[in-house]
Visitor: 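Okay, handing you the structure first.
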Amino acid sequence: QVQLVESGGGLAQAGDSLRLSCVASGSTISNNAMGWFRQAPGKEREFVAAINWSGSTTRSADSVKGRFTISRDNVKNTVYLQMNSLKFEDTAIYYCAGRWGRLVRTTTGDMDFWGKGTQVTVSS
């Protein structure tokens, strides 16, 4: 069983950068596609970015393209989300998720295990 723990969230100003980390324990995630999702108050959880098992393929939501970058270090069993040029509308709880498969998926229903999330708050 895989446990995911996110960190790196916090309070930022518009234009700032934050880097989120997701550390997996209990099992290696080197064969799992991983992703980041977020949920703002009163809204549904939405896709942010995803990466395949090797890191060779990534996808990101249109709303974060050019600003957010997902990456992974399979030796450290960790997935990252580098967030640059933060905007007020990026305020949300950010969740790390993984799936029992190697290929990228972008919907919440395709993910099999989740972390508890980390809060990101961006002030305008």
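Since the structure is predicted, the reported quantities are computational estimates derived from the model, not experimental observations. One is the number of the first residue; the rest follow in order along the sequence.
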Visitor: Just how far is it from atom OH of Tyr94 to atom CD of Gln119, taken to the nearest 0.5 Å?
Guide: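 Interatomic distance, Tyr94 OH to Gln119 CD, rounded to 0.5 Å: 9.5 Å.
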Visitor: Taking 4.0 angstrom as the limit, do Arg38 and Glu46 come out as a salt bridge?
Guide: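 Yes, charged N to carboxylate O under 4.0 Å.
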Visitor: Let's go through Met83 and Val120 carefully: what are the C-alpha distance in whole Å and the side-chain angles of both, what is the deciding distance for side chain to side chain contact (heavy atoms under 4.5 Å, CB included) to 0.1 Å, and is it a yes or a no?
Guide: CA-CA 10 Å; Met83 305 188 296; Val120 172; 3.9 Å; yes
Visitor: Could you pull out the closest heavy-atom pair between Arg105 and Phe47, with the gap in Å?
Guide: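 In terms of heavy atoms, the two residues are closest at O-CE1, 4.3 Å.
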Visitor: Thr57 and side-chain contact (heavy atoms from CB on, under 4.5 Å): which single residue from Ile51, Leu103, Asn52 fits?
Guide: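 The residue from Ile51, Leu103, Asn52 that satisfies side-chain contact (heavy atoms from CB on, under 4.5 Å) with Thr57 turns out to be Asn52.
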Visitor: Which heavy atom in Thr78 sits nearest to a heavy atom in Ser21, and how many Å separate them?
Guide: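 Heavy atoms of Thr78 and Ser21 come nearest at CG2-CB, 4.4 Å.
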Visitor: Can you hop from Met34 to Trp36 via hydrophobic side chains spaced under 4.5 Å?
Guide: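 Linked, Met34 and Trp36 end up in one cluster.
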Visitor: Mind checking the CG-OG spacing from Asp90 to Ser63? Nearest 0.5 Å is all I need.
Guide: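 Asp90 CG to Ser63 OG: 7.5 Å, rounded to 0.5 Å.
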Visitor: Check Leu81 against Ala49 and note the closest heavy-atom contact, atom names and distance.
Guide: CD1-CB, 4.1 Å
Visitor: Can a donor-acceptor pair be found, under 3.5 Å and without considering hydrogens, that links the side chain of Glu6 to the backbone of Lys116?
Guide: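 Looks like yes, one N/O pair under 3.5 Å.
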Visitor: Are Ile29 and Val104 connected in the hydrophobic side-chain network, where two residues link if heavy atoms are under 4.5 Å apart?
Guide: no
Visitor: Step through it carefully: locate the ring centre of Trp114, locate the ring centre of Phe37, and say whether they are under 6.0 Å apart.
Guide: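 Yes - the distance between ring centres of Trp114 and Phe37 falls below the 6.0 Å cut-off.
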Visitor: Nearest 0.5 Å, please: how far is CG in Asp110 from CH2 in Trp100?
Guide: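 With rounding to 0.5 Å, CH2 (Trp100) is 15.0 Å from CG (Asp110).
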Visitor: Please report the shortest heavy-atom distance between Thr28 and Asn32, naming the atom on each side.
Guide: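 It is O-OD1, 3.5 Å.
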Visitor: Going from CZ on Arg19 to OG on Ser7, what distance comes out if it is rounded to the nearest 0.5 angstrom?
Guide: 9.0 Å
Visitor: On a heavy-atom basis, which atom in Leu18 and which in Ala12 lie closest, and how many Å separate them?
Guide: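 Smallest heavy-atom distance, with atoms named: CD1-CB, 4.1 Å.
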Visitor: To the closest 0.5 Å, what do you measure between SG (Cys22) and CZ (Arg72)?
Guide: 9.5 Å
Visitor: Indicate the atoms forming the closest heavy-atom contact of Val2 with Ser27, along with that distance.
Guide: CG2-CB, 3.7 Å
Visitor: Evaluate whether atom CZ of Arg67 has more than 12 neighbouring non-hydrogen atoms of other residues, nucleotides or ligands under 6.0 angstrom away.
Guide: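 Buried by this count: over 12 neighbours within 6.0 Å.
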Visitor: Could you check whether Lys65 pairs with Asp62 (Lys NZ or Arg NE/NH1/NH2 to Asp/Glu carboxylate O, under 4.0 Å)?
Guide: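 Yes.
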Visitor: Any link between Leu4 and Trp53 through a network of hydrophobic side chains (Ile, Leu, Val, Met, Phe, Trp, Tyr) touching at under 4.5 Å?
Guide: no
Visitor: What is the distance from atom CE of Met111 to atom OG1 of Thr106, rounded to the nearest 0.5 Å?
Guide: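 The CE atom of Met111 sits 9.5 Å away from the OG1 atom of Thr106.
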Visitor: Is there a path from Val79 to Phe68 through hydrophobic residues (I, L, V, M, F, W, Y) whose side chains come within less than 4.5 Å of each other?
Guide: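 Same cluster: Val79 reaches Phe68 through Ile, Leu, Val, Met, Phe, Trp or Tyr contacts under 4.5 Å.
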Visitor: Same cluster for Ile70 and Val48 if Ile/Leu/Val/Met/Phe/Trp/Tyr side chains link at under 4.5 Å?
Guide: yes
